[in-house]
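This report refers to the structure that appears directly beneath it.
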Amino acid sequence: MALEGVLLGMGNPLLDISAVVDEDFLKKFDIQLNNAILAEDKHKSMYDEMAAKFNVEYIAGGATQNSIRVAQWLLQVPGATSYIGCIGKDKFGQEMTKNSKDAGVNVHYYEDENTPTGTCAVCVVGGERSLIANLSAANCYKVDHLKKPENWALVEKAKYFYIAGFFLTVSPESIQLVAEHAAAKNKVFLMNLSAPFICEFFKDAQEKALPYIDYVFGNETEARTFSKVHGWETDNVEEIAIKISQWPKASGTHKRITVITQGADPVCVAQDGKVTLYPVILLPKEKLVDTNGAECVRAGCYAANVIIQRSGCTYPEKPDFH
């Protein structure tokens with residue numbers, strides 16, 4: 001089957017603990033909307049408090065895994081997508097495996113026996129979200145797992161690779177292996193800036209991967225942080241997108257395309273020194289449920305429009321996209 005295993009994702013599999021919270025909760029735990037951070041000591045009690053105070057949903061998540069699940073849903077070919085990451089040997093891990101397999105994704109998790117499956121608090125207020133990730137087992141991924149023949153076979157088979165920038169905090173060696181493979185075999189390598197803190201505090205690892213990236217995704221906040229960190233002295237998203245697309249490449253096979261989302265404003269796509277703007281499918285504010293799990297241009301805009309009307313990164317059984 002031509003599409004089997006065509007897209008491989010690698011990342012931090014997390015069980016999303018999702019709830020509509022209130023402003024007091026945000027203040028108490030020093031949480032800002034439209035942000036993504038790693039949990040600190042001050043957030044330790046937050047997960048239990050969320051479950052006690054609010055109506056919580058548990059949904060298989062993690063930035064890359066969400067994107068792979070949405071791609072799988074749009075493709076509607078079982079096993080078209082594969083995914084690699086680390087989970088714990090526990091109930092949450094079993095639930096995640098079942099969810100992903102039911103969705104048609106071919107998951108090859110590395111199971112860590114000593115660490116619980118990672119979780120991510122998804123705090124929603126007024127349709128806007130903030131993510132606080134407690135990586136736990138997701139932080140324990142080892143490149144040795146990727147090198148195992150049954151897992152490297154997924155890399156050999158895939159024609160497209162998608163990895164969120166969050167994985168730079170866990171296994172940059174794994175990213176580099178896949179990136180170099182993609183360049184050598186003229187395959188397509190895609191990454192996401194993922195969060196301002198990745199651009200700021202994992203700048204070196206991000207820069208090492210950047211020459212290999214054929215498609216860079218991000219939102220306007222991440223793009224502006226990237227610009228600031230690199231001393232570009234511009235806040236103009238279109239200018240930043242062009243500059244990222246012109247960053248030197250390891251392989252000349254594919255010209256880099258930069259895709260920057262801007263919430264309700266048009267998606268900005270930069271290539272060949274030019275920017276094209278793609279309008280998003282506008283949604284009345286009252287229909288906006290949760291912006292967690294939205295991604296790019298026409299199919300992406302369609303998927304995003306469906307997903308933000310639902311809780312978490314969830315979708316109906318079949319897409320209505322042509």
Side-chain angles (χ1 to χ4, degrees), residues 9-12 14 30-32 34-40 43 62-64 67 85-86 118 120 130-135 138-143 146 161-183 188-251 254-262 268-271 275 295-296:
M10 284 198 313
N12 301 335
L14 304 172
D30 193 20
I31 299 165
Q32 280 155 8
N34 292 316
N35 199 11
I37 59 170
L38 295 177
E40 300 172 34
H43 299 118
T64 303
S67 296
C86 183
C120 181
S130 190
L131 309 177
I132 304 94
N134 183 11
L135 295 183
N139 207 26
C140 300
Y141 189 79
K142 303 284 184 286
V143 71
L146 178 64
F161 303 96
Y162 177 71
I163 303 173
F166 293 120
F167 203 51
L168 288 166
T169 73
V170 173
S171 188
E173 312 94 306
S174 300
I175 294 174
Q176 208 61 25
L177 264 187
V178 172
E180 288 169 8
H181 167 87
V188 179
F189 187 71
L190 311 93
M191 274 192 80
N192 202 307
L193 299 176
S194 291
F197 84 87
I198 299 290
C199 303
E200 285 185 272
F201 305 117
F202 294 87
K203 176 175 174 267
D204 293 348
Q206 193 177 55
E207 281 184 6
K208 196 173 174 192
L210 200 54
Y212 297 92
I213 308 174
D214 299 305
Y215 286 78
V216 174
F217 295 96
N219 66 26
E220 72 276 40
T221 314
E222 294 150 8
R224 286 179 179 132
T225 304
F226 189 94
S227 172
K228 184 180 159 195
V229 163
H230 290 90
W232 288 350
E233 295 184 355
T234 177
D235 261 355
N236 183 301
V237 170
E238 295 182 28
E239 279 179 35
I240 297 165
I242 288 172
K243 277 176 157 310
I244 293 173
S245 71
Q246 291 171 337
W247 195 283
K249 282 199 90 245
S251 154
H254 310 286
K255 290 180 178 176
R256 183 180 298 109
I257 294 175
T258 305
V259 183
I260 305 295
T261 60
Q262 306 184 87
C268 172
V269 179
Q271 64 180 127
V275 165
E295 206 75 289
C296 259

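Numbers here are sequence positions counted from 1.
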Exercise for review: Decide yes or no on side chain to side chain contact (heavy atoms under 4.5 Å, CB included) for Asn12 and Val170, but give the supporting numbers first.
Suggested key: CA-CA 8 Å; Asn12 301 335; Val170 173; 3.4 Å; yes

Which pair of non-hydrogen atoms, one from [X] and one from [Y], has the smallest distance, and what is that distance?
| X | Y | value |
| --- | --- | --- |
| Ala138 | Leu14 | CB-CD2, 4.0 Å |
| Cys268 | Val275 | SG-CG1, 3.7 Å |
| Lys208 | Pro211 | O-CD, 3.4 Å |
| Met191 | Ala209 | SD-CB, 4.0 Å |
| Ser130 | Ile31 | OG-CG2, 3.3 Å |

Distance from [X] atom [atom1] to [Y] atom [atom2], nearest 0.5 Å?
| X | Y | atom1 | atom2 | answer |
| --- | --- | --- | --- | --- |
| Thr258 | Asp214 | OG1 | CG | 11.0 Å |
| Leu38 | Asn134 | CG | CG | 9.0 Å |
| Gln271 | Ile242 | CD | CD1 | 11.0 Å |
| Asn34 | Leu131 | CG | CG | 9.5 Å |
| Glu222 | Asn35 | CD | CG | 9.0 Å |
| Leu168 | Ser194 | CG | OG | 8.0 Å |

Exercise for review: Provide the full list of side-chain hydrogen bond (donor to acceptor under 3.5 Å, both in side chains) pairs with a residue in residues 236-247, sequence neighbours left out, each pair given once.
Suggested key: Thr234-Glu239

Review point. Hey, which of Leu210, Val259, Ile260 is the one that makes side-chain contact (heavy atoms from CB on, under 4.5 Å) with Val216?
Key: Leu210

Exercise for review: Could you give me the CA-CA distance, side-chain angles and deciding distance for Thr169 and Leu135, then say whether side chain to side chain contact (heavy atoms under 4.5 Å, CB included) is met?
Suggested key: CA-CA 10 Å; Thr169 73; Leu135 295 183; 4.0 Å; yes

Exercise for review: Take the angle between the ring planes of His230 and Trp232 and call it parallel below 30°, perpendicular above 60°, tilted in between.
Suggested key: tilted

Review point. Aromatic rings Phe161 and His181: how do their planes relate, parallel, tilted or perpendicular, breaks at 30° and 60°?
Key: perpendicular

Exercise for review: State plainly whether the residues Arg224 and Glu220 are in salt-bridge range, i.e. N to O under 4.0 Å.
Suggested key: no

**Study point:** Glu207 side-chain N/O to Asp204 backbone N/O, donor-acceptor pair under 3.5 Å
**Key:** no

Point to revise | Thr221 backbone acceptor or donor facing Thr225 side chain under 3.5 Å | key: yes

Check your understanding: Who passes ring-ring contact (aromatic ring centres under 6.0 Å, His included) against Phe167, sequence neighbours left out?
Key -> Tyr141

Practice item. Let me see the working for Glu40 and Asp30 under side chain to side chain contact (heavy atoms under 4.5 Å, CB included), right down to the final yes or no. Key: CA-CA 11 Å; Glu40 300 172 34; Asp30 193 20; over 6 Å; no

For the [atom1] atom on [X], are there more than 12 heavy atoms of other groups (residues, nucleotides or ligands in this structure) within a distance under 6.0 Å?
| X | atom1 | result |
| --- | --- | --- |
| Lys142 | NZ | yes |
| Lys249 | NZ | yes |
| Tyr215 | OH | no |

Point to revise | Worked verdict on Phe166 versus Thr64 for side chain to side chain contact (heavy atoms under 4.5 Å, CB included) | key: CA-CA 9 Å; Phe166 293 120; Thr64 303; over 6 Å; no

